[in-house]
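See below for the structure under consideration.
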Number of protein chains: 2
Amino acid sequence: MNEQGTVSASVVSGGNRERGIDRVLTLFAYLNGRGRPVRVADLPKALGAPRSTIYEIVRVLTEAGMLEVSGDDNRVYFGRAMYLYGINYFRDNELIRRGSSEVEALSKMTGETSELCVLNRNRQAIIHTHPGSRPMRISSEVGSQFPIPWTASGRLLLSHMTPAEIRDLIEPEDLVLPDRRVVDIEGFIVECLAARGKSIVITRGLINSFSQCLAVPILGMHGEVQATICFVLPIDVTDEQRAVLQEHLIASGRKLSMHE
Amino acid sequence: MNEQGTVSASVVSGGNRERGIDRVLTLFAYLNGRGRPVRVADLPKALGAPRSTIYEIVRVLTEAGMLEVSGDDNRVYFGRAMYLYGINYFRDNELIRRGSSEVEALSKMTGETSELCVLNRNRQAIIHTHPGSRPMRISSEVGSQFPIPWTASGRLLLSHMTPAEIRDLIEPEDLVLPDRRVVDIEGFIVECLAARGKSIVITRGLINSFSQCLAVPILGMHGEVQATICFVLPIDVTDEQRAVLQEHLIASGRKLSMHE
DNA sequence: GATTGCTGTCCGATATACCAGACAAAACCT
DNA sequence: AGGTTTTGTCTGGTATATCGGACAGCAATC
């Protein structure tokens, strides 16, 4: 899935055709990965697609409201229809809806930042979050996505996989933490396997040096990890404080799980 | 903008082919309109598309996470990817973001239900809402969409259009109110034209007999109505109460507008 | 002001995605 | 049970959507 489409494309010449729908999905994934509006003229290179195709696709998707093009510098991004459609998912998905209100309740009760997370291919996505009341916030925005090795939730979300599957899923760049330290893949795999069946997983100092993450699984009908809830805490909370928070968190996880 | 181009399309023959991307967009619109998961097997009839095409499209979209298929009875609905993509829109769209927090502020300040609305083809969509503190709530859910003639916001959102455009946009069934009364299209057009340039529009007893709607426009750079904010109030608030609410609402509208 | 590069639009050829229809399996009837 | 309908999968042929490339309009550079 990486962008390999360099010069050598001339060799095969003919067989480069692709369905419109596939181009569309690639485009969506690319925009989501970039996280900011992209100039239409840059898309053909970025996606390895012909210019005429891209312009046509963008035109159709814009008319449908799935994308929006900013008037002045012709940058595309997700449109209102995508938002409205996505809201349906949120409203109708029992797990997400219950998890979100649980996250809010947790944060209001404890004053700490909590998040509801799911696996999205090779990223951990934040479905919902509620900021804590601490003066210094350590929170992420809804919709942001992290490399899995950065978080405690990530270890839980991969806990049902085999080492081979994990190795296949994790890209080399995912192992690089924000401060440039590199996570050892073998150690990471061991941590994921160890997370299986655990009621809570804690990571300290991964995303930054001054926070820690407490995550619990939300289990589906067959015991699989559907999602996680986590607290993002300062690294220096006392053991007593953490013990209380753990208890709340584990209770919430149980409450949302279909399976003990 | 309708697909009228094929003049000679002989009555029966093969001219029924359509692009995958168009099928996909139709499918999305249909699911959104239905508002609940739909059985895959029903889609071909509902969309007028060949079965093999639908099954293929659903497969691809499901793999990409744009749709989800419930395991037991094979119903499709919007998937997590749609939600995550849509969140990007929410996060990055300045108007929506500012409007949403304004709506929350308005509701917290006044205790009334307020909503942020935009035009979505021939529907008025609720982008964000915050319930009031009244014992009896009259609120809609985020993402729900109404026929334009039902609301005060709708009159503002169409106020820049010509009578012909309005006539073209409004479907006959949009004119039927929830209680079966029918809105007169000519009168509605007059109301839309009258809304042009107005700082506030009020409708009473349209969606139901016990509520009224106060809406103000959010104007873009060229004076066009980009969105509206509105209060949903009981029909029997006093004139003094309404005067105060109007003032707040108009102030919020001005604050979010690019243009006086 | 000539040159170069970039952007967006348009058009014809052809590779292929869509469609019709056959088939199997399950569900639903008498 | 036996027949009928519904559901999901698969395959080959053909209408057509995609792609390459040409073109015109701008902008930037020399």
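Here is how names work: the chains are called A, B, and so on, in the same order as the sequence lines, proteins then strands, and each is numbered from 1.
The side-chain heavy atoms of Y89(B) and M82(A), taken from C-beta on, include no pair separated by under 4.5 Å. In this structure, the side chains of L61(A) and L25(B) come closer than 4.5 Å at one or more pairs of heavy atoms. Within the 4.5 Å cutoff, the side chain of F90(A) has heavy atoms near those of the S100(A) side chain. Looking at heavy atoms from C-beta onward, I148(A) lies in side-chain contact with F188(A) at the 4.5 angstrom threshold.
A heavy atom closer than 4.0 Å to some atom of DNA chain C occurs in E18(B), G20(B), R23(B), these being the qualifying members of residues 18-34 of chain B.
Rounded to whole Å, the distance from CG on L47(A) to P on dT18(D) is 15 Å. As a whole-Å value, the separation of E56(B) CD from dA20(C) C1' is 15 Å. One interatomic measurement links the two molecules: CD1 of I54(B) to C1' of dA20(C), which rounds to 15 Å at whole-angstrom precision.
Taking CG of N120(A) as the reference point, atom CD1 of I126(A) lies at 12.0 Å (rounded to 0.5 Å). Rounded to the nearest 0.5 angstrom, C192(A) SG and L169(A) CG are separated by 9.5 Å. If you take CD1 on I229(A) and CG on L116(A), they are separated by 6.5 Å, rounding to the nearest 0.5 Å.
For the residue pair Q124(A) and S153(A), no side-chain donor N or O sits within less than 3.5 Å of a side-chain acceptor on the partner. Residues S252(B) and E102(B) have side chains that bring a donor and an acceptor to within less than 3.5 angstrom of each other.
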Verdict with supporting geometry, R19(A) and E56(B), salt bridge (Lys or Arg N to Asp or Glu O under 4.0 Å): CA-CA 12 Å; R19(A) 288 191 297 189; E56(B) 170 66 6; 2.9 Å; yes
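Remark: the R17(B) side chain and the dC18(C) base include a donor-acceptor N/O pair separated by less than 3.5 Å.
Computed from C1' positions of five pairs at each end, the angle between the two local axes of the helix from dG1(C)-dC30(D) to dC23(C)-dG8(D) equals 40°, rounded to 10 degrees.
Note on ring orientation: taking the six-membered ring where Trp is involved, the planes of F28(B) and F78(B) are tilted (angle from 30° to 60°).
Applying the 4.0 Å criterion to OP1 and OP2 of dC19(D), one finds that S52(A) has every side-chain N and O outside that range.
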Polar atom pairs (N or O), protein with nucleotides 5-8 of chain D, under 3.5 Å:
from   : atom 1 : to     : atom 2 : distance (Å)
dT7(D) : OP1    : R39(B) : NH1    : 3.2
dT7(D) : OP1    : R39(B) : NH2    : 2.5
dG8(D) : OP1    : N74(B) : ND2    : 2.3
dG8(D) : OP2    : Y55(B) : OH     : 2.3
dG8(D) : O5'    : Y55(B) : OH     : 3.3
dG8(D) : N7     : R51(B) : NH1    : 2.9
dG8(D) : O6     : R51(B) : NH2    : 2.9

